[in-house]
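Notes for the one structure printed next.
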Amino acid sequence: MTTATASASLAVALLFASLLAGTVFGDDIIPIIRMPLLERFHAWQAEYNRTYATPEEFQYRFRVYCENVKFIETMNRPGSSYELGENQFTDLTQEEFEDMYLMKLNEVASAPEAMGQLGTMNAGGTSGGGNTDEAPNYVDWRTKEAVTPVKDQQQCGSIYIDHKRCFNSSTSIHVEHPYVGRHRQCRRDKLGHHAATIRGGWAVQRNNEAMLERAVARQPVTVLINASRAFKSYKRGVFSGPCNTSLNHAVTVVGYGADTGGRKYWIVKNSWGQTWGENGYVRLERRVSSSKGMCGIAMAPYYPVM
């Protein structure tokens, strides 16, 4: 390619990028910001190994990426308790993200049934009663080797029960059916190898964060939350919304605590890989004014019984 041809190609690329960025952000963004967005998009593509089949698809994904970047930077206000950032979802619209990665309404309704017979943890903090002790101020089951590594569900939108330890002992269980994030035939040859048997589940009293704390003090607890647009781009800190109580995603609460400023949070294990959030985890604000909890975390908590 000659120098003149290369220069012409660069000029066309610059013009294309400038025009495209202008359609995304309008005329309120100064032109000098527009080209770095294209470079930023190329860097994002390289980091997440993302390619597109046609120029039209590239243009569309760049436009969506720019819209998401604008949302992220608008949300990252000074003094916020958390920070958003780019991740593997930054070239997806919210509608595409919900369709690929979140639960459908019928799945949310049937989620507790996957646990089998459900009992209810009583006000004493246990299924059998007799324990009225207050929950400790800080719990983190990761420090007790009771939590498996963060998985990446990819686009299957599945729920994976990942409590590693039997709840009434210190013996780890070794399950021979690892999570693979896709449909496969059941390994019937391993059905006789029982590491543990799940008899059913106990539901924690709904809309009561104090009861959820007592439950989490005893073992990790599965909950349903609302994974909002802001939640999708969570990077670090104590997430305090915006989100609503339309439940669409299953996660696991593995502990709770408070930051140096006294802001209380839940330690929540997600299933979108270790590059999302804080190494695959999110800290959700705890003890909020709504009884349903941040993003509905207290609406449907339950845990398996071995």
Side-chain angles (χ1 to χ4, degrees), residues 75-77 79-85 108 111-112 120-126 131-144 146-147 150 159 162-163 167 202-272 276-303:
M75 293 296 296
N76 285 338
R77 299 180 296 270
S80 175
S81 63
Y82 66 89
E83 179 185 350
L84 304 185
V108 173
T120 302
M121 193 178 85
N122 62 27
T126 67
N131 181 9
T132 59
D133 293 339
E134 291 296 322
N137 292 327
Y138 175 80
V139 173
D140 188 346
W141 285 98
R142 295 173 298 181
T143 65
K144 301 177 182 180
V147 182
V150 171
I159 304 172
D162 59 6
H163 309 317
F167 304 133
W202 286 98
V204 181
Q205 187 179 76
R206 296 185 176 213
N207 303 327
N208 188 326
E209 286 196 277
M211 288 296 294
L212 183 54
E213 288 171 10
R214 291 186 182 184
V216 174
R218 298 180 64 244
Q219 71 281 302
V221 175
T222 299
V223 297
L224 300 177
I225 62 169
N226 172 256
S228 64
R229 184 181 184 186
F231 184 90
K232 174 185 70 174
S233 298
Y234 169 82
K235 185 175 182 179
R236 63 172 65 93
V238 180
F239 186 77
S240 56
C243 54
N244 57 46
T245 56
S246 177
L247 305 179
N248 58 15
H249 188 48
V251 291
T252 304
V253 183
V254 300
Y256 57 83
D259 63 17
T260 55
R263 186 184 293 268
K264 298 178 179 179
Y265 58 79
W266 298 105
I267 305 171
V268 178
K269 180 184 178 183
N270 202 356
S271 55
W272 294 339
W276 182 89
E278 297 180 337
N279 298 315
Y281 288 83
V282 55
R283 285 180 289 160
L284 283 182
E285 188 171 12
R286 177 169 58 97
R287 291 295 183 114
V288 298
S289 58
S290 171
S291 63
K292 296 180 179 180
M294 179 58 58
C295 303
I297 193 171
M299 292 176 65
Y302 50 93
Y303 58 93

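What you are looking at is a predicted structure, and each value in this text was computed from that prediction instead of being measured.
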Practice problem: Kindly write out the residues that satisfy side chain to side chain contact (heavy atoms under 4.5 Å, CB included) with A298, not counting sequence neighbours, or none if the list is empty. | Solution: E209
Self-check item: Any P242 side-chain heavy atom under 4.5 Å of R229 side chain
Solution: no
Self-check item: D140 (side chain) donor-acceptor with G255 (main chain) under 3.5 angstrom
Solution: no
Self-check item: For T245, side-chain hydrogen bond (donor to acceptor under 3.5 Å, both in side chains) partners two or more places apart
Solution: none
Quiz item: Taking only residues two or more places apart in sequence or in another chain, which ones pass side chain to side chain contact (heavy atoms under 4.5 Å, CB included) with A210?
Solution: N208, R287
Quiz prompt | Plane angle bin for Y234 and F231 - parallel if under 30°, tilted between 30 and 60°, otherwise perpendicular | solution = parallel
Quiz prompt | Residue pair V268 / I297, side-chain heavy-atom distance below 4.5 Å | solution = yes
Quiz prompt | Partner set under ring-ring contact (aromatic ring centres under 6.0 Å, His included) for Y281, not counting sequence neighbours | solution = none
Quiz item: How about F239 and W266: are their ring centres within less than 6.0 Å of each other?
Solution: no
Quiz item: Got a sec, which residues hit side-chain hydrogen bond (donor to acceptor under 3.5 Å, both in side chains) with N244, two or more places apart in sequence or on another chain?
Solution: N226
Quiz item: Within the distance-only criterion (no hydrogens, no angle test), does the side chain of N248 pair as donor or acceptor with the backbone N or O of A227 below 3.5 angstrom?
Solution: yes
Quiz item: Taking all atoms of both residues into account, what is the closest heavy-atom pair of L84 and A230, and its distance?
Solution: CD2-O, 3.3 Å
Quiz item: Listed by chain and number, what are the side-chain hydrogen bond (donor to acceptor under 3.5 Å, both in side chains) partners of S81, not counting sequence neighbours?
Solution: S240
